[in-house]
There are 2 protein chains.
Amino acid sequence: MITIESVQKKLKEKGLKLTNQRKAIIEVLVENKDNFLTAEEIFLKSREKCPQTNFSTIYRNLEILTNLNIIHKTNIENNTSMFELVQNDSHHHHIICKKCGRTEFIDFCPLDKILSEVDKKNFTLTDHKFELYGYCDKCKKKDNR
Amino acid sequence: MITIESVQKKLKEKGLKLTNQRKAIIEVLVENKDNFLTAEEIFLKSREKCPQTNFSTIYRNLEILTNLNIIHKTNIENNTSMFELVQNDSHHHHIICKKCGRTEFIDFCPLDKILSEVDKKNFTLTDHKFELYGYCDKCKKKDNR
DNA sequence: ATGCATGCAAAGCATTTGCAATCAA
DNA sequence: TTGATTGCAAATGCTTTGCATGCAT
(Lines give C-alpha, C1' and ligand atoms only; values in the text may rest on other atoms or scores of the structure.)
Protein backbone atom coordinates (compact mmCIF):
# COMPACT_ATOMS: atom_id res chain seq x y z
CA MET A 1 0.00 0.00 0.00
CA ILE A 2 1.40 3.34 -1.07
CA THR A 3 0.88 6.28 1.23
CA ILE A 4 1.93 9.89 1.10
CA GLU A 5 4.16 9.22 4.06
CA SER A 6 5.94 6.30 2.43
CA VAL A 7 6.69 8.35 -0.67
CA GLN A 8 7.94 11.25 1.42
CA LYS A 9 10.17 8.88 3.32
CA LYS A 10 11.57 7.61 0.04
CA LEU A 11 12.30 11.16 -1.01
CA LYS A 12 14.06 12.02 2.21
CA GLU A 13 16.24 8.95 1.86
CA LYS A 14 17.35 10.31 -1.49
CA GLY A 15 18.23 13.65 0.03
CA LEU A 16 15.41 15.48 -1.68
CA LYS A 17 13.72 18.38 0.05
CA LEU A 18 10.05 18.32 0.86
CA THR A 19 8.74 21.57 -0.49
CA ASN A 20 5.05 22.33 -0.37
CA GLN A 21 4.87 22.05 -4.13
CA ARG A 22 6.46 18.64 -4.07
CA LYS A 23 4.18 17.50 -1.28
CA ALA A 24 1.16 18.64 -3.26
CA ILE A 25 2.30 16.79 -6.37
CA ILE A 26 2.85 13.61 -4.42
CA GLU A 27 -0.51 13.92 -2.72
CA VAL A 28 -2.20 14.26 -6.08
CA LEU A 29 -0.41 11.22 -7.42
CA VAL A 30 -1.28 9.13 -4.39
CA GLU A 31 -4.92 10.21 -4.46
CA ASN A 32 -5.12 9.24 -8.10
CA LYS A 33 -2.98 6.17 -8.01
CA ASP A 34 -5.45 4.18 -10.12
CA ASN A 35 -5.36 6.64 -13.01
CA PHE A 36 -2.81 7.94 -15.39
CA LEU A 37 -2.82 11.73 -15.25
CA THR A 38 -1.49 14.26 -17.72
CA ALA A 39 0.98 16.88 -16.56
CA GLU A 40 -1.77 19.44 -16.90
CA GLU A 41 -4.14 17.47 -14.69
CA ILE A 42 -1.43 17.12 -12.09
CA PHE A 43 -0.75 20.84 -12.39
CA LEU A 44 -4.38 21.81 -11.87
CA LYS A 45 -4.92 19.45 -8.95
CA SER A 46 -1.64 20.42 -7.31
CA ARG A 47 -2.52 24.07 -7.51
CA GLU A 48 -5.62 23.41 -5.46
CA LYS A 49 -3.35 22.29 -2.67
CA CYS A 50 -0.46 24.67 -3.25
CA PRO A 51 -1.76 27.64 -5.27
CA GLN A 52 1.51 29.14 -6.37
CA THR A 53 2.73 25.93 -8.03
CA ASN A 54 4.19 26.59 -11.43
CA PHE A 55 3.98 24.39 -14.50
CA SER A 56 7.74 24.08 -14.80
CA THR A 57 7.89 22.88 -11.22
CA ILE A 58 5.45 20.16 -12.19
CA TYR A 59 7.61 19.02 -15.07
CA ARG A 60 10.81 19.18 -13.09
CA ASN A 61 9.31 17.09 -10.32
CA LEU A 62 7.74 14.61 -12.67
CA GLU A 63 11.14 14.02 -14.20
CA ILE A 64 12.79 13.60 -10.81
CA LEU A 65 10.10 11.21 -9.61
CA THR A 66 10.33 9.23 -12.84
CA ASN A 67 14.07 8.85 -12.50
CA LEU A 68 13.63 7.67 -8.92
CA ASN A 69 11.13 5.11 -10.15
CA ILE A 70 8.45 6.58 -7.93
CA ILE A 71 6.20 7.31 -10.87
CA HIS A 72 5.81 5.75 -14.28
CA LYS A 73 5.49 7.70 -17.52
CA THR A 74 3.74 6.57 -20.67
CA ASN A 75 2.60 7.92 -24.00
CA ILE A 76 -0.80 6.62 -24.91
CA GLU A 77 -1.61 7.90 -28.34
CA ASN A 78 -0.23 11.24 -29.27
CA ASN A 79 2.40 13.47 -27.83
CA THR A 80 1.03 13.87 -24.34
CA SER A 81 2.75 12.02 -21.56
CA MET A 82 0.78 10.53 -18.69
CA PHE A 83 1.97 9.59 -15.25
CA GLU A 84 1.01 7.23 -12.45
CA LEU A 85 2.48 6.18 -9.16
CA VAL A 86 4.54 3.02 -9.32
CA GLN A 87 2.79 0.28 -7.37
CA ASN A 88 6.03 -1.20 -6.27
CA ASP A 89 4.68 -4.35 -4.73
CA SER A 90 3.88 -5.97 -8.03
CA HIS A 91 4.88 -5.60 -11.62
CA HIS A 92 1.79 -5.12 -13.72
CA HIS A 93 0.37 -3.68 -16.91
CA HIS A 94 -2.68 -1.62 -17.79
CA ILE A 95 -5.93 -1.26 -19.60
CA ILE A 96 -6.34 2.43 -20.27
CA CYS A 97 -9.46 4.34 -21.22
CA LYS A 98 -8.58 6.59 -24.13
CA LYS A 99 -11.21 9.09 -23.13
CA CYS A 100 -10.93 9.59 -19.38
CA GLY A 101 -7.60 7.93 -18.60
CA ARG A 102 -9.09 5.51 -16.11
CA THR A 103 -7.01 2.38 -15.79
CA GLU A 104 -7.32 -1.18 -14.64
CA PHE A 105 -4.42 -3.34 -13.78
CA ILE A 106 -3.42 -6.53 -15.53
CA ASP A 107 -1.30 -8.82 -13.43
CA PHE A 108 -0.25 -10.87 -16.43
CA CYS A 109 3.11 -9.95 -17.96
CA PRO A 110 3.89 -11.39 -21.38
CA LEU A 111 7.61 -10.88 -21.06
CA ASP A 112 8.43 -14.26 -19.57
CA LYS A 113 6.69 -15.98 -22.44
CA ILE A 114 9.12 -14.72 -25.00
CA LEU A 115 12.36 -14.01 -23.23
CA SER A 116 14.12 -16.92 -24.87
CA GLU A 117 13.15 -15.63 -28.27
CA VAL A 118 14.50 -12.19 -27.49
CA ASP A 119 17.84 -13.47 -26.37
CA LYS A 120 18.35 -14.94 -29.77
CA LYS A 121 18.00 -11.54 -31.34
CA ASN A 122 20.88 -10.07 -29.35
CA PHE A 123 18.95 -7.18 -27.94
CA THR A 124 19.76 -6.00 -24.44
CA LEU A 125 16.35 -5.31 -22.99
CA THR A 126 15.78 -2.33 -20.75
CA ASP A 127 12.04 -1.72 -20.83
CA HIS A 128 8.83 -3.14 -22.13
CA LYS A 129 5.32 -1.95 -22.59
CA PHE A 130 2.14 -3.96 -22.69
CA GLU A 131 -0.91 -1.77 -22.70
CA LEU A 132 -4.48 -2.23 -23.80
CA TYR A 133 -6.46 0.77 -24.95
CA GLY A 134 -10.18 1.20 -25.28
CA TYR A 135 -13.18 2.79 -23.69
CA CYS A 136 -14.31 2.11 -20.17
CA ASP A 137 -17.87 1.50 -19.14
CA LYS A 138 -18.62 5.15 -18.61
CA CYS A 139 -17.06 6.42 -21.78
CA LYS A 140 -18.19 3.69 -24.13
CA LYS A 141 -17.25 4.73 -27.59
CA LYS A 142 -19.30 7.57 -28.92
CA ASP A 143 -17.93 9.29 -31.96
CA ASN A 144 -14.36 8.39 -31.17
CA ARG A 145 -12.33 6.52 -33.71
CA MET B 1 5.78 -9.07 -49.41
CA ILE B 2 5.19 -5.33 -49.56
CA THR B 3 6.32 -3.50 -52.66
CA ILE B 4 6.12 0.10 -53.74
CA GLU B 5 3.73 -0.97 -56.45
CA SER B 6 1.35 -2.71 -54.06
CA VAL B 7 1.18 0.35 -51.85
CA GLN B 8 0.60 2.61 -54.82
CA LYS B 9 -2.18 0.31 -55.98
CA LYS B 10 -3.74 0.55 -52.55
CA LEU B 11 -3.61 4.33 -52.74
CA LYS B 12 -5.20 4.45 -56.17
CA GLU B 13 -8.01 2.24 -54.95
CA LYS B 14 -8.70 4.82 -52.29
CA GLY B 15 -8.83 7.59 -54.84
CA LEU B 16 -5.63 9.22 -53.68
CA LYS B 17 -3.38 10.93 -56.14
CA LEU B 18 0.15 9.78 -56.74
CA THR B 19 2.23 12.90 -56.43
CA ASN B 20 5.99 12.73 -56.59
CA GLN B 21 6.18 13.66 -52.94
CA ARG B 22 3.84 10.87 -51.97
CA LYS B 23 5.74 8.40 -54.12
CA ALA B 24 8.99 9.41 -52.44
CA ILE B 25 7.51 8.99 -48.97
CA ILE B 26 6.20 5.54 -49.80
CA GLU B 27 9.49 4.51 -51.33
CA VAL B 28 11.28 5.55 -48.17
CA LEU B 29 8.87 3.60 -46.02
CA VAL B 30 9.17 0.50 -48.16
CA GLU B 31 12.95 0.68 -48.25
CA ASN B 32 13.01 0.94 -44.47
CA LYS B 33 10.22 -1.42 -43.67
CA ASP B 34 12.21 -3.11 -40.92
CA ASN B 35 12.77 0.11 -38.99
CA PHE B 36 10.64 2.66 -37.29
CA LEU B 37 11.52 6.09 -38.66
CA THR B 38 10.87 9.51 -37.21
CA ALA B 39 9.07 12.10 -39.29
CA GLU B 40 12.34 13.92 -39.65
CA GLU B 41 14.14 10.87 -40.98
CA ILE B 42 11.35 10.33 -43.46
CA PHE B 43 11.57 13.97 -44.41
CA LEU B 44 15.31 13.87 -45.04
CA LYS B 45 15.22 10.63 -47.01
CA SER B 46 12.21 11.75 -49.04
CA ARG B 47 13.92 14.95 -49.98
CA GLU B 48 16.74 12.97 -51.54
CA LYS B 49 14.19 11.54 -53.95
CA CYS B 50 11.99 14.59 -54.32
CA PRO B 51 13.96 17.67 -53.29
CA GLN B 52 11.14 20.16 -52.93
CA THR B 53 9.27 18.02 -50.41
CA ASN B 54 8.07 20.08 -47.46
CA PHE B 55 7.84 19.02 -43.85
CA SER B 56 4.13 19.69 -43.66
CA THR B 57 3.61 17.44 -46.67
CA ILE B 58 5.37 14.71 -44.74
CA TYR B 59 3.08 15.09 -41.76
CA ARG B 60 -0.05 15.32 -43.87
CA ASN B 61 0.85 12.15 -45.72
CA LEU B 62 1.87 10.28 -42.61
CA GLU B 63 -1.53 11.03 -41.16
CA ILE B 64 -3.33 9.91 -44.31
CA LEU B 65 -1.30 6.71 -44.52
CA THR B 66 -1.89 6.00 -40.85
CA ASN B 67 -5.64 6.41 -41.24
CA LEU B 68 -5.56 4.05 -44.21
CA ASN B 69 -3.70 1.53 -42.09
CA ILE B 70 -0.81 1.54 -44.53
CA ILE B 71 1.60 2.66 -41.86
CA HIS B 72 1.72 2.26 -38.11
CA LYS B 73 2.55 5.02 -35.67
CA THR B 74 4.05 4.61 -32.22
CA ASN B 75 5.55 6.66 -29.44
CA ILE B 76 8.56 4.96 -27.99
CA GLU B 77 9.77 7.02 -25.10
CA ASN B 78 9.27 10.70 -25.39
CA ASN B 79 7.12 12.84 -27.57
CA THR B 80 8.47 11.89 -30.95
CA SER B 81 6.30 9.67 -33.09
CA MET B 82 7.83 6.94 -35.21
CA PHE B 83 6.37 5.22 -38.23
CA GLU B 84 6.68 1.92 -40.04
CA LEU B 85 4.93 0.20 -42.90
CA VAL B 86 2.19 -2.16 -41.83
CA GLN B 87 3.20 -5.72 -42.68
CA ASN B 88 -0.33 -6.67 -43.43
CA ASP B 89 0.18 -10.37 -43.73
CA SER B 90 0.63 -10.94 -40.04
CA HIS B 91 -0.15 -9.19 -36.81
CA HIS B 92 3.05 -8.77 -34.86
CA HIS B 93 4.87 -6.75 -32.23
CA HIS B 94 8.34 -5.28 -31.93
CA ILE B 95 11.67 -5.10 -30.20
CA ILE B 96 12.93 -1.60 -30.73
CA CYS B 97 16.42 -0.22 -30.29
CA LYS B 98 16.17 2.97 -28.30
CA LYS B 99 19.26 4.37 -29.92
CA CYS B 100 18.99 3.70 -33.64
CA GLY B 101 15.34 2.67 -34.00
CA ARG B 102 16.17 -0.70 -35.52
CA THR B 103 13.41 -3.21 -34.92
CA GLU B 104 12.87 -6.91 -34.86
CA PHE B 105 9.51 -8.54 -35.11
CA ILE B 106 7.86 -10.68 -32.49
CA ASP B 107 5.20 -12.96 -33.83
CA PHE B 108 3.82 -13.65 -30.37
CA CYS B 109 0.81 -11.54 -29.36
CA PRO B 110 -0.15 -11.63 -25.67
CA LEU B 111 -3.66 -10.39 -26.27
CA ASP B 112 -5.31 -13.78 -26.61
CA LYS B 113 -3.87 -14.84 -23.27
CA ILE B 114 -5.85 -12.31 -21.34
CA LEU B 115 -8.93 -11.48 -23.37
CA SER B 116 -11.22 -13.21 -20.92
CA GLU B 117 -9.85 -11.15 -18.09
CA VAL B 118 -10.42 -7.94 -19.99
CA ASP B 119 -14.02 -8.77 -20.74
CA LYS B 120 -14.66 -8.90 -17.04
CA LYS B 121 -13.49 -5.35 -16.68
CA ASN B 122 -16.05 -4.00 -19.14
CA PHE B 123 -13.57 -2.24 -21.33
CA THR B 124 -14.23 -2.08 -25.05
CA LEU B 125 -10.82 -2.67 -26.54
CA THR B 126 -9.67 -0.76 -29.59
CA ASP B 127 -5.89 -1.02 -29.56
CA HIS B 128 -3.05 -2.63 -27.76
CA LYS B 129 0.66 -2.21 -27.56
CA PHE B 130 3.30 -4.75 -26.71
CA GLU B 131 6.77 -3.44 -27.29
CA LEU B 132 10.18 -4.33 -25.97
CA TYR B 133 12.84 -1.67 -25.76
CA GLY B 134 16.55 -1.99 -25.44
CA TYR B 135 19.77 -1.69 -27.32
CA CYS B 136 20.63 -3.69 -30.38
CA ASP B 137 23.93 -5.37 -31.01
CA LYS B 138 25.45 -2.34 -32.64
CA CYS B 139 24.29 0.19 -30.09
CA LYS B 140 24.88 -1.81 -26.94
CA LYS B 141 24.27 0.48 -24.05
CA LYS B 142 26.97 3.06 -23.60
CA ASP B 143 26.13 5.96 -21.38
CA ASN B 144 22.41 5.68 -21.95
CA ARG B 145 20.11 5.31 -19.00
C1' DA C 1 -11.58 21.69 -65.41
C1' DT C 2 -11.73 20.34 -60.82
C1' DG C 3 -10.58 19.57 -56.51
C1' DC C 4 -7.05 17.15 -54.06
C1' DA C 5 -2.22 18.11 -52.73
C1' DT C 6 1.54 21.11 -51.82
C1' DG C 7 4.69 25.01 -50.12
C1' DC C 8 5.17 28.51 -47.14
C1' DA C 9 4.88 30.76 -43.03
C1' DA C 10 2.78 31.19 -38.91
C1' DA C 11 0.51 29.18 -35.05
C1' DG C 12 -0.22 25.57 -31.47
C1' DC C 13 0.86 22.70 -27.81
C1' DA C 14 3.67 20.12 -24.65
C1' DT C 15 7.85 20.44 -22.61
C1' DT C 16 12.44 22.44 -21.35
C1' DT C 17 15.66 25.88 -19.79
C1' DG C 18 18.33 30.18 -17.97
C1' DC C 19 18.42 33.01 -14.33
C1' DA C 20 17.52 35.38 -10.24
C1' DA C 21 14.96 34.86 -6.03
C1' DT C 22 13.41 31.73 -2.36
C1' DC C 23 13.22 28.09 0.83
C1' DA C 24 14.25 23.57 3.41
C1' DA C 25 17.71 21.48 5.98
C1' DT D 1 24.25 29.31 5.58
C1' DT D 2 24.05 26.82 1.46
C1' DG D 3 22.70 24.33 -2.15
C1' DA D 4 18.42 22.56 -3.81
C1' DT D 5 14.12 24.30 -5.55
C1' DT D 6 11.08 27.48 -7.45
C1' DG D 7 8.72 31.21 -10.47
C1' DC D 8 8.89 33.56 -14.39
C1' DA D 9 9.37 34.19 -19.06
C1' DA D 10 11.40 32.91 -23.00
C1' DA D 11 12.87 29.23 -25.91
C1' DT D 12 12.55 24.76 -27.89
C1' DG D 13 10.87 20.86 -30.57
C1' DC D 14 7.38 18.43 -32.75
C1' DT D 15 3.28 18.87 -35.11
C1' DT D 16 -0.71 21.29 -37.20
C1' DT D 17 -3.09 24.68 -39.96
C1' DG D 18 -4.71 28.65 -43.21
C1' DC D 19 -4.25 30.13 -47.50
C1' DA D 20 -2.89 30.78 -52.12
C1' DT D 21 -0.75 28.09 -55.77
C1' DG D 22 0.11 23.84 -58.30
C1' DC D 23 -0.70 19.42 -60.14
C1' DA D 24 -2.85 14.66 -61.03
C1' DT D 25 -6.76 12.89 -62.96
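Note on naming: letters A, B, ... go to the chains in the order of the sequence lines (proteins, then strands), and numbering restarts at 1 for each one.
Contacts of B:E13 classified as side-chain hydrogen bond (donor to acceptor under 3.5 Å, both in side chains), with partners at least two apart in sequence or in another chain: B:K9. Residues that satisfy the side-chain hydrogen bond (donor to acceptor under 3.5 Å, both in side chains) test with B:E27, not counting sequence neighbours, are B:K49. Residues meeting the ring pair (Phe, Tyr, Trp, His ring centres under 6.0 Å) test with A:F108, sequence neighbours left out: none. Not counting sequence neighbours, the partners of A:E104 by the salt bridge (charged side-chain N to carboxylate O under 4.0 Å, His left out) test are A:R102. Taking the side-chain hydrogen bond (donor to acceptor under 3.5 Å, both in side chains) definition, one finds that B:E48 meets it with nothing, sequence neighbours left out. Among residues two or more places apart in sequence or in another chain, the side-chain contact (heavy atoms from CB on, under 4.5 Å) test is passed with A:T38 by A:E40, A:E41, A:T80, A:M82.
One axis for each end of the helix from C:dA1-D:dT25 to C:dA25-D:dT1, each built from five base pairs, and the angle between them comes to 40° at 10° resolution.
At whole-Å resolution of the value, CD1 in A:I42 and P in C:dA14 are 14 Å apart. Rounding to whole angstrom units, CD of residue A:E63 and P of D:dT5 are separated by 12 Å. Remark: P of D:dC14 and NZ of B:K73 are 14 Å apart, rounded to the nearest angstrom. At whole-Å resolution of the value, CD1 in B:I25 and P in C:dT6 are 7 Å apart. A:L62 has its CG atom 11 Å from the P atom of D:dT6, to the nearest Å. Between the C1' atom of D:dG13 and the CD1 atom of B:I58 lies a distance of 17 Å, rounded to the nearest Å. Protein atom CZ of B:R60 is 12 Å distant from nucleotide atom C1' of D:dT21, rounded to whole Å. Atom pair A:I26:CD1 and D:dT5:C1' shows a separation of 13 Å (rounding to whole Å applied).
Linking ILVMFWY side-chain heavy atoms closer than 4.5 Å, directly or via other members, places A:L44 and A:V30 in a single hydrophobic cluster.
Residue A:A39 places its side chain closer to C:dT15 than to any other of C:dC8, C:dT15, D:dC8.
Between A:N69 and A:V86, the closest heavy-atom pair is O-CG2, 3.5 Å. Contact detail for A:C136 and A:C97: the closest heavy-atom pair is N-SG, 3.4 Å.
Side-chain N/O atoms of A:Y59 include one lying less than 4.0 angstrom from OP1 or OP2 on C:dT15. A sub-4.0 Å separation between OP1 or OP2 of C:dC4 and a side-chain N or O of B:R22 is absent. Taking only side-chain nitrogens and oxygens, A:Q21 comes nearer than 4.0 Å to OP1 or OP2 of D:dG7.
For the segment residues 47-56 of chain B, the set of residues with a heavy atom within less than 4.0 Å of an atom of DNA chain C comprises B:Q52, B:T53, B:N54, B:S56, in numerical order.
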All N/O donor-acceptor pairs, side-chain side in residues 53-60 of chain B, below 3.5 Å, sequence neighbours left out:
residue	atom	partner	partner atom	Å
B:T53	OG1	B:C50	O	2.6
B:N54	OD1	B:S56	N	2.8
B:N54	OD1	B:S56	OG	2.7
B:S56	OG	B:R60	NH2	3.4

Enumerate donor-acceptor pairs with a distance under 3.5 Å from any side-chain N or O in residues 14-21 of chain A to protein atoms, sequence neighbours excluded.
residue	atom	partner	partner atom	Å
A:T19	OG1	A:R22	N	3.1

Polar atom pairs between nucleotides 22-24 of chain C and protein, under 3.5 Å, N or O only, would you list them?
residue	atom	partner	partner atom	Å
C:dA24	N3	A:K17	NZ	3.3

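Aromatic ring centroids of B:H128 and A:H93 lie 6.0 Å or more apart.
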